[in-house]
Structures are given as structure tokens and as C-alpha cells.
S.K.: 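Take a look at the following structure, please.
Chain A is the first sequence line, chain B the second, and so forth, proteins listed ahead of strands; every chain is numbered from 1.
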Amino acid sequence: METLDIDWQHMLLLYGLCLLPWTLLWLLGTQLSRDIGMAVVRMTLQLSLVGIYLKTLFELNDPWLNSAWIFIMLVVADFNILRRSRLKIRYFVFATLTAMGFSILLSTAYLVLLVIKPAQVYDARYIVPLAGMILGNCMQGNVIALERFFSTVRKNQDEYLTFLMLGATRWEALRPYFRQAIKAAINPTIANMATMGLVSLPGMMTGQILGGSEPWIAVKYQLAIMICIFTSSTLAMIANLALSLRIAFDDFDILNEQVLQQ
Amino acid sequence: MTPIIRFDNVTLSRQQKTLLSGVSFEVYPGQKVLIRGQSGAGKSSLLKTLMGMYPPSEGSVYFNEQILSRHSVHHIRNCTAYIGQEPVLAADTVREALLLPFQFKAHSHNCPTEAQLLILLRRLHLSADILDRHVAKISGGEKQRIALARGLLLHKTLYLLDEATSALDTASKQAVFDIFCAPQITLLAVTHDADWFQYSTTIFEMNAGRLTEIPQYGNP
């Protein structure tokens with residue numbers, strides 16, 4: 001079964017649907033018209049470029065090119081995580097890249113090499129979308145973990161110092177904030193897993209069904225990707241926070257405010 | 001005799017501001033040393049420097065002749081109790097606040113008994129029922145005494161008090177003086193309170209980051 005293509009005229013018709021919320025939001029005076037316009041244009045351009053790139057990537061199917069693409073995705077995610085979690089990029093760039101790289105490569109390799117086992121292990125059709133999906137979801141969790149951790153330590157600076165003055169080691173004093181950050185970051189993934197299929201049909205599964213896969217195969221892939229997202233998110237968050245402790249705190253366990261964006 | 005604390009020409013600058021300027025002094029075991037001075041003179045910065053919160057920009061700080069460094073800072077914190085003017089109890093109930101340090105590895109072997117808690121509370125004019133009260137529901141004076149009790153339960157070598165009795169009434173303050181005047185306790189206190197002066201062995205005046213000893217008090 002082939003997926004039905006949408007021709008350009010019908011794509012334009014699709015964009016017409018956007019006019020309905022756009023008009024309503026304009027009438028409500030939300031002043032979002034420009035933002036919506038920019039978002040729709042950016043989305044179209046970015047996905048078109050990805051479409052062109054992926055088409056080439058799949059045709060060439062070169063392991064080095066595939067690896068380079070994954071590395072670029074990791075670097076972009078790295079910068080995005082640090083910018084959104086309000087940490088200075090020059091201090092944390094390698095720590096976050098290491099944490100993300102380790103967790104993404106581990107779970108993608110596990111899934112591709114041990115579970116799916118395609119004829120070519122570097123097959124772009126498998127590793128690029130799978131690594132991309134895992135990375136995208138991992139990114140959200142890591143932004144929450146880092147942002148929550150450093151904002152909580154900053155907000156509770158007096159409490160943190162009190163723990164230190166009462167004889168706590170750096171790890172003992174930071175542990176409550178570490179736990180809070182991990183919980184806040186991992187909860188959306190847990191909630192997503194718990195309600196999957198009830199509240200909404202997951203994107204990957206829907207895509208595969210539309211692409212002509214049997215529902216059972218789509219379900220198995222969805223389960224595989226969720227387990228990998230959960231695993232790599234958790235590993236990346238813990239590694240990212242653990243590595244960031246060495247950068248953000250001085251020899252006397254005091255938070256170095258210079259590493260945070262004001 | 002070896003001093004417990006030795007500041008050797010310590011200068012502290014933070015955010016392009018000099019908080020301590022060439023500070024040198026020593027505190028010996030059993031001494032009760034007071035530092036007085038106007039607000040913003042650098043008194044609290046001095047205590048925080050010793051605890052490694054503000055590492056010195058120049059000069060050296062020694063604790064039992066061990067220089068303050070990344071290797072010794074945990075030892076210094078484990079041997080010293082620091083109690084500030086507005087203590088953070090960091091717990092829900094008073095009991096949890098008192099037992100908080102014993103969750104940490106450094107003190108986990110030394111957890112006090114209920115009887116020890118009650119004796120100490122009584123000495124500080126606090127009733128037993130305060131143990132189960134929420135820390136948000138106790139007064140500023142009670143909070144200060146709980147913080148002092150928490151420090152005392154740790155049996156430290158040195159006590160650093162930063163205006164730690166500012167919210168206490170006369171009777172409670174006297175109870176604190178009686179405890180801290182014990183010969184085995186070494187005290188370095190920052191205070192505006194003249195009631196402390198009669199219990200001191202040495203008084204220093206801090207003015208714009210400079211420390212000078214007030215001679216009439218001298219060392220005994």
C-alpha cells in the first residue's frame with residue numbers, strides 16, 4: 001500500500017486552513033499575526049530543506065554522511081539546550097555534547113544493532129529518523145532538567161549554603177535540587193508513556209500506518225522508540241547534570257554565577 | 001599554643017569592591033572573640049571567608065595551621081558551626097531542622113537522642129512541644145535558638161555567630177551567653193550587641209574592611 005501524495009494545489013488548500021485560527025487570533029487582538037506568519041514560513045522552509053537533504057541522504061546511504069548528519073543534529077540540539085536553559089554555551093558546550101552524544105548513540109545503536117537489525121546497520125532510512133526522534137525528545141527533557149536545577153539552586157542559595165555549612169558534601173547539598181530537576185524533566189515522558197494510545201495516537205505510529213505499515217508493526221516501532229526515548233532522556237539528563245556540576249561550582253562548592261546567563 | 005584561626009593579611013574583593021583589606025588576626029582555643037562595626041564594614045564577609053563561601057583574593061586563612069583550600073574546606077566546615085542572623089532551618093518541622101545535619105555522612109554516626117534534644121531545648125528556654133511545630137510557625141527568636149541548638153548538637157570546635165542573638169529577649173540571650181561562655185567553646189562572633197562584650201576575651205573593630213583590636217579588652 002502506497003501513501004497518497006498531496007499535490008501542490010492541495011497543499012495550498014491546507015495552508016488555507018491556517019487562515020481560520022490566524023483570523024480569530026487577529027480579531028482577539030493577540031498581536032500574534034506576525035509570529036504565526038513567521039512560524040509557518042520557517043516550518044515550511046526548514047522541512048522542505050530537510051526533505052531535500054533526507055532524499056539525498058537516503059539515495060547515497062553513506063555511513064560517514066549519516067554520521068555527520070547525526071553529529072550536526074547533536075550540535076544543534078546542544079546549542080538549543082544551553083540557550084533555552086539559560087547557561088553560557090562556552091562553558092557547557094562539551095559537557096552537554098558528551099552527555100547527549102553518549103545517551104543518543106547508546107540507545108540508537110541498541111535499537112538498530114540489537115533489535116531492528118537492518119541489512120545495513122548504517123542504513124539512513126533507520127538510523128537518521130530514529131536518532132532524530134530520540135534526540136528531539138531528549139532535548140526537551142534536558143532543557144527542563146538543566147533549567148530547573150540551576151534556577152532552583154539559585155533560588156535556594158541560602159539553603160544550599162546552609163547544607164554545606166552543616167557538613168554536607170557538594171553532592172549531599174545538591175541532591176534535593178538534582179532530584180527535583182530530574183523528576184520535573186522525566187515526568188512528561190512518563191505521563192506520555194502512560195497515556196499513549198488513549199489520549200492521542202503517537203506520531204511515529206500514525207506516520208507508519210499512513211506509510212502503509214501493518215498496525216502491529218507500527219505499534220512495535222512506537223514501543224521501541226518510546227523505550228529508547230525514556231532511556232536516553234534519563235541517561236542524558238543525569239550525565240548532563242553530573243558533568244555540569246564540575247563546571248558550575250568552584251573548588252569551594254560555591255555556584256559560579258558567571259556560567260549562567262543573567 | 002596553636003591558633004584555631006589565623007588570618008594572614010587577607011584581602012577580599014568581590015564585584016570590584018574591597019570587602020576585607022589586609023586583615024590579620026588569630027583566635028586561640030577557648031577565646032571569645034567579638035567583631036563589631038557598622039553595617040557593611042565587612043564583618044560578615046570575614047566569617048564567610050573562613051567558611052570558604054568567599055575565598056580570599058589575597059593572603060591566607062589558616063584553620064589549625066591548615067591553609068584554607070579546596071582540600072581543607074570540608075574539614076573546616078565539619079569542625080565549625082556557622083549561625084547567621086536569619087538562619088535557614090531548611091526543614092518542615094523543628095525536629096527535622098535539628099536532625100538535618102545528621103543526614104549527612106560527616107555527622108551520621110553522631111545522631112542525638114530525644115533526651116539530648118530536650119535537655120538542650122530546655123537550656124535555651126524552649127519547650128519540648130516546639131519539636132513538632134512547623135518552622136514557618138515559630139518566631140524569629142525561636143528560629144535563632146533552634147539554629148544555635150542545631151550547631152551545639154554538632155559539638156564543634158569553633159562557633160561563628162553572625163548577629164545570631166539579635167532577635168532574642170534578655171532571658172534567652174542570657175541562656176545563650178551561659179552556654180557559649182563555657183571554656184571549651186571557641187567563639188568568633190559578629191555583633192552590634194553590647195551585652196556580648198562582657199563575655200569576650202578580645203574585641204575587634206571592623207571599619208571599611210580593616211580590622212583593629214580594641215586594646216582595653218586585650219587577651220586575658
Side-chain angles (χ1 to χ4, degrees), chain A residues 86-88 90-92 94-95 145 147-184 238 241-262, chain B residues 14-15 44 47-56 61 68-91 97-110 135 143 146-147 150-162 164:
Chain A
R86 305 187 62 75
L87 299 176
K88 286 191 184 159
R90 68 174 179 275
Y91 291 104
F92 294 92
F94 292 113
E147 198 282 325
R148 179 66 67 93
F149 177 74
F150 284 105
S151 64
T152 314
V153 173
R154 229 174 173 184
K155 200 173 113 196
N156 296 289
Q157 187 89 302
D158 289 342
E159 186 185 73
Y160 168 64
L161 291 174
T162 300
F163 291 149
L164 289 179
M165 298 308 125
L166 289 171
T169 59
R170 181 191 298 182
W171 168 240
E172 284 175 323
L174 289 173
R175 196 163 43 197
Y177 315 122
F178 199 97
R179 280 186 188 144
Q180 269 181 42
I182 294 284
K183 277 169 97 171
I238 294 172
L241 284 177
L243 291 173
S244 71
L245 298 188
R246 296 183 68 86
I247 299 160
F249 293 84
D250 66 16
D251 288 343
F252 295 88
D253 308 321
I254 307 300
L255 178 65
N256 180 4
E257 296 272 347
Q258 277 183 341
V259 303
L260 312 175
Q261 284 179 17
Q262 294 312 307
Chain B
R14 283 174 71 83
Q15 293 158 345
S44 300
L47 299 190
K48 286 176 178 170
T49 300
L50 177 61
M51 294 302 276
M53 284 190 242
Y54 297 167
V61 174
L68 171 67
S69 68
R70 56 185 287 219
H71 304 292
S72 63
V73 69
H74 290 293
H75 173 67
I76 295 174
R77 286 173 186 162
N78 283 341
C79 296
T80 309
Y82 171 88
I83 297 136
Q85 184 175 8
E86 287 173 16
V88 179
L89 295 182
L98 288 169
L99 297 178
L100 174 70
F102 305 98
Q103 292 174 11
F104 306 134
K105 207 175 162 196
H107 306 297
S108 58
H109 55 284
N110 237 350
V135 293
K143 211 180 232 184
I146 295 299
R150 183 162 69 182
L152 288 162
L153 284 169
L154 296 169
H155 304 291
K156 302 279 190 164
T157 312
L158 172 69
Y159 287 84
L160 305 180
L161 308 189
D162 189 353

S.K.: Compare all side-chain heavy atoms of B:Arg77 with those of A:Phe252 and state whether any distance is below 4.5 angstrom.
M.R.: yes
S.K.: Side chains of B:Tyr54 and A:Ile254: closer than 4.5 Å at any heavy-atom pair?
M.R.: no
S.K.: Which heavy atom of A:Glu159 sits nearest a heavy atom of B:Ala90, and at what distance?
M.R.: CG-CB, 3.6 Å
S.K.: Decide if atom CD of A:Gln157 counts as having more than 12 heavy atoms of other residues, nucleotides or ligands within a radius under 6.0 Å.
M.R.: yes
S.K.: What option among A:Asp250, A:Leu164, A:Thr169, A:Asp158 has the most heavy-atom pairs under 4.5 Å with chain B?
M.R.: A:Leu164
S.K.: Just verifying a value: how many Å separate A:Asp251 CG and B:His71 NE2, rounded to the nearest 0.5 Å?
M.R.: 8.0 Å
S.K.: What do you reckon, is CD of A:Glu257 surrounded by more than 12 foreign heavy atoms closer than 6.0 Å?
M.R.: yes
S.K.: Tell me the closest heavy-atom pair linking B:Pro101 and A:Leu166, and the distance in Å.
M.R.: CB-O, 3.8 Å
S.K.: Using heavy-atom distances under 4.5 Å, tell me whether B:Leu160 contacts chain A through its side chain, its backbone, both, or neither.
M.R.: neither
S.K.: For B:Ala106 and A:Gly167, which heavy atoms make the closest approach, and how far apart are they?
M.R.: CB-O, 3.7 Å
S.K.: With a 4.5 Å heavy-atom cut-off, do B:Arg150 and A:Thr162 have their side chains touching?
M.R.: yes
S.K.: Which of the residues B:Thr80, B:Leu154, B:Leu68 is involved in the greatest number of heavy-atom pairs with chain A at under 4.5 angstrom?
M.R.: B:Leu68
S.K.: I'd like to check B:Gln103 versus A:Glu172 (side-chain heavy atoms, cut-off strictly below 4.5 Å). Are they in contact?
M.R.: no
